[in-house]
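Only one structure is covered here, and it is reproduced in the block below.
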2 protein chains.
Amino acid sequence: MAVGFYPTVVYFRAVTTEGERSGEPRTVRTPTHHEALAQVKSAIERGNLLTLFGCCTVEYDGRAESYLGSGDRLIVLKPDGTALVHTEEGQKPVNWQPPGGTFESELADERLLVRSRRPDPDETLAVHFEYVTQLSAFDVTDAKEISLAGSEEDLRQRILADPDLVEKGFTPLATERQTAAGAIDIYGKDADGTTMVVELKRRRVGPDAVGQLRRYINALRRDLHAGAEVRGVLVAPSVTERARSMLAESGLEFVSLEP
Amino acid sequence: MAVGFYPTVVYFRAVTTEGERSGEPRTVRTPTHHEALAQVKSAIERGNLLTLFGCCTVEYDGRAESYLGSGDRLIVLKPDGTALVHTEEGQKPVNWQPPGGTFESELADERLLVRSRRPDPDETLAVHFEYVTQLSAFDVTDAKEISLAGSEEDLRQRILADPDLVEKGFTPLATERQTAAGAIDIYGKDADGTTMVVELKRRRVGPDAVGQLRRYINALRRDLHAGAEVRGVLVAPSVTERARSMLAESGLEFVSLEP
DNA sequence: AAGTCTATATCGAAG
DNA sequence: CTTCGATGTAGACTT
C-alpha cells in the first residue's frame, strides 16, 4: 500500500486482460498550485477529460451572473469545451458552461485559476482554487451511441405501425404535417374519411397541450376549404382535470396510451 | 515519483496551510472488480462523493428505457442519490438518476455492477463495468449557496424599485396577480390610471411571449368589468420580427430593457 | 401529492 | 442563422 506524498504524480498503464484499454490516465494528489497549473494545461492540450476536486470559488458572467463562495466541489472539464461544477447534491451542476468554449488556466495571486470562455452569447466561467485535492486527466474515446425507447418519437413509431391504437379504422397520411401553428404529430383520416389531427404526448398532459391541439386544428381549418370537418385527438397516458374539461369545451377527444 | 501497481489504494491526508481541509479522499487505480466493490460500498456507506472512471455499459429503465454500449465514461455518485454518467462530450449526462434514489453495488458475473433505484416514478440505472480505471471517494461538505443576478426575478426587483424603467408614471400595484390564464408578472396602472399588464422576459422574446401576454390580458378583461381598458407591455432586451408584428396586431407594447 | 412555471435550461430538427 | 418543440427535462413554488 503506497502512501501519497506532496505533491505526487502517478503515471500508470492499465493491466490489460481483455482488449486494449485507453491511454494512461494521469492523477495528481494535493498538487501545489504551480504543479496543478502545469497538469491542467497539459491535459487540455492533449484533449483529455479533466476532473478537479478541491476548494474553490466560482464566478459566472454571461446570460446571467452568479457568485459561489468557497467550498469543496468536483469540476469536470471536457475536451469539447463543456465545464461542470458539481457540489455534493443535485443533478444539475451548480455552475456550468455548455460545449463550444475554450479553457484557459493561469496562476492568479499564486493560485490556480481555470477560466472557460464561450462566444455568442459571450459567457465566462472562472474557478479560483484555494487548494486542489486531486486532479485527474483521462484519455477517453466513446463512440457508442445511446438507444432510447419510450420517447415521443418511439410512441409515434408504434402508432404508425398499428394505427388502431388511436382508433379502429384510423389511417395516418403524414407526420410532421406543417400548419401555420406548427407541425402536426400525425395527420390522417378516420374510418369515415374525416380529417384527424393527432397530438402525441408521452406523459400526463395539462392545458398547454389542449391549447396546442386547438391551434393546430384552427390553423388546419383555415388551410383547408371552409367548413371542413376536422377531428382532434390527444394521445397521452392521462390528462389533468382542467385539461379534460378544456378538451370537452373544444369538442376534442382523448385517447389513453402509455409511451 | 511513484508508479502505481495493481491494485493500489492511496490514503492521504492533505497538507493544511490555510484552515482545515475536508477528510481524507480515497483513490484506487485499476482495482480488481472485487476491490472496487469494497471501495464503492464503503464510500456510499460513508456518504462520500464517488467518482468512477472506466469502461462500462449502462442500462436505464423508468420513464423511458435506454441502453448504452461499452465505452469509457465518468460516473459520479452523490450522497443525495444523484447518479451521473458522462461521456467525453455534452453538457448533459448521457444517463443519470435524479436525487432521492439509493445505490446498490454487487459483483455480477464477477464484474462490478452499480445500480441506482428510485421510487415514484420507479426507475433503475445499472452500470456494468468491464474494468475500472480509477475510483475516488471524496468527503465533501459545501454549505455555500449560490447568488444569482440577471435573472427574471432580479429584473422584477429593479422595476419595482424604479417603475419609470417601464414608463414614466407607471405604478406597480401587485406582482404575481392571478388570472385565469396564470399569474401576471407586474400588475399596475399608468399615469392616467389605466390598468397595465407587464410581462417580463430576461432575453429576446418570440411569438410565445406575445401569446402569453395576450392570454393574460384577455383573462383580465373577463375578470374586470366589461369594456375595461387594459394595456399590455412586454419588457425584454429585444424581440423577434414575428413577435413584433404580433404585438402590433394585438395592440400591445414593447419596452426594451436589459436584464 | 399534484399542478404550474422557470431555466445561464439543453438539445435537436427544420425553415 | 433563427425558430420551435421535446426532454427520462430538473427545480422551485403554490395549492
Side-chain angles (χ1 to χ4, degrees), chain A residues 58-66 82-85 89-101 116 118 120-125 146 148-156 175-176 178 181-185 199-209 212 215-216 238-243 259, chain B residues 58-66 82-85 89-100 118 120-125 146 148-156 176 178 181-185 200-209 211-212 238 240-243 259:
Chain A
V58 186
E59 284 171 278
Y60 154 72
D61 191 4
R63 288 165 292 178
E65 296 165 45
S66 76
T82 299
L84 307 170
V85 181
E89 58 180 22
Q91 188 208 314
K92 266 184 66 175
V94 63
N95 276 116
W96 67 90
Q97 194 78 296
S116 163
R118 170 202 191 199
D120 196 35
D122 193 14
E123 296 194 293
T124 60
L125 183 72
I146 192 167
L148 182 66
S151 61
E152 183 177 309
E153 173 59 25
D154 193 59
L155 178 60
R156 187 201 328 197
T175 63
E176 301 290 332
Q178 287 300 325
I184 294 170
D185 283 338
E199 173 67 20
L200 307 178
K201 293 293 170 188
R202 59 174 304 285
R203 53 176 190 166
R204 184 174 173 84
V205 295
D208 52 336
Q212 190 180 346
R215 287 195 301 277
Y216 289 154
S238 65
V239 60
T240 67
E241 208 38 59
R242 175 136 174 71
Chain B
V58 186
E59 284 171 279
Y60 155 73
D61 190 5
R63 288 166 292 179
E65 296 166 46
S66 76
T82 299
L84 307 169
V85 181
E89 60 180 20
Q91 190 209 318
K92 265 184 64 175
V94 64
N95 275 117
W96 68 92
Q97 194 76 298
R118 172 204 191 199
D120 195 34
D122 193 13
E123 297 193 293
T124 61
L125 183 71
I146 191 168
L148 182 67
S151 60
E152 185 177 305
E153 174 57 26
D154 193 59
L155 178 59
R156 185 195 340 191
E176 301 292 332
Q178 288 301 324
I184 294 170
D185 282 338
L200 306 177
K201 292 294 169 191
R202 59 176 303 285
R203 52 176 194 168
R204 182 175 172 84
V205 295
D208 52 334
Q212 189 179 349
S238 65
T240 66
E241 208 37 61
R242 175 135 175 72

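Throughout, protein chains are lettered first and strands after them, A, B, ... in sequence-line order, and every chain is numbered starting at 1.
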_Would you say A:Arg203 places a side-chain N or O within less than 4.0 Å of OP1 or OP2 belonging to D:dT9?_
yes
Whole-Å distance, A:Ile184 CD1 to D:dA6 P, equals 13 Å
Closest heavy-atom pair, A:Ser66 versus B:Ile146, reported as atoms and distance to 0.1 Å, is OG-CD1, 3.6 Å
Open item on the list: Please tell me if A:Trp96 has a side-chain N or O lying less than 4.0 Å from either OP1 or OP2 of C:dA9.
Closed with: no
Taken to the nearest whole Å, CD/B:Glu89 to P/C:dC11 is 10 Å
Q) Short question: side chain of A:Arg202, backbone of A:Leu155 - any donor-acceptor pair under 3.5 Å? A) no
When rounded to whole Å, the CG to C1' distance for the pair A:Leu155 and D:dT7 reads 15 Å
| request: Kindly indicate whether the side chain of B:Pro98, heavy atoms from C-beta on, has any atom under 4.5 Å from the side chain of B:Arg118. | output: yes
A:Gln212 CD to D:dC4 C1', in whole Å, measures 10 Å
Check whether any side-chain N or O of A:Arg204 sits under 4.0 Å from OP1 or OP2 of C:dG3, and answer yes or no.
yes
Practice task
Write down the distance separating the P atoms in C:dC11 and D:dG11, rounded off to the nearest Å.
Solution key: 15 Å
note: A:Arg215, atom CZ; D:dC4, atom C1'; distance rounded to Å ~ 11 Å
Tell me what B:Glu123 touches on the nucleic acid: a base, only sugar-phosphate, or nothing, going by heavy atoms under 4.0 Å. base
Could you work out the separation of C:dT8 and C:dT4 based on their P atoms and round it to a whole Å? 23 Å
Report task. May I ask you to say what B:Glu153 touches in the nucleic acid, namely base, sugar-phosphate or nothing, with a heavy-atom cut-off under 4.0 Å? Result -> nothing
Is the shortest side-chain heavy-atom distance between B:Glu123 and B:Asp61 below 4.5 Å? no
Here the distance between atom C1' of D:dG8 and atom CZ of B:Arg118, to the nearest Å, is 8 Å
Hits for salt bridge (Lys or Arg N to Asp or Glu O under 4.0 Å) against A:Glu199, two or more places apart or cross-chain, chain-then-number order -> A:Lys201
Separation of D:dA6 atom P from A:Leu148 atom CG, nearest Å, is 15 Å
query: If we only count heavy atoms from C-beta on, is the A:Leu125 to A:Asn95 side-chain gap below 4.5 Å?
result: yes
Under 4.5 Å between any side-chain heavy atoms of B:Gln91 and A:Pro99, yes or no? yes
Under 4.0 angstrom, heavy atoms only, what part of the nucleic acid is B:Ser66 near: base, sugar-phosphate, or nothing?
nothing
Q) Between D:dT9 and A:Arg202, is there an OP1 or OP2 to side-chain N/O distance shorter than 4.0 Å? A) yes
From CD of A:Gln97 across to C1' of C:dT10 the rounded distance in Å is 13 Å
Closest to the 5' end of DNA chain D, once B:Tyr60 and A:Asp120 are matched to their nearest nucleotides, is A:Asp120
Taking D:dG8, D:dT7, C:dT8 as options, the one with an atom nearest any side-chain atom of A:Glu152 is D:dT7
To the nearest 0.5 Å, atom OH of A:Tyr216 lies from atom CG of A:Asp185 at 6.5 Å
Pairs under 3.5 angstrom, nitrogen or oxygen only, protein versus nucleotides 11-15 of chain D, please.
unit_1, atom_1, unit_2, atom_2, d
D:dG11, OP1, A:Gln91, N, 2.9
D:dG11, OP1, A:Lys92, N, 3.0

**Request:** Please measure how far the P atom in D:dG8 lies from the corresponding atom in C:dC5, and state the result in whole Å.
**Result:** 22 Å
* Between B:Arg63 and D:dT9, does any side-chain N or O lie under 4.0 Å from OP1 or OP2? -> yes
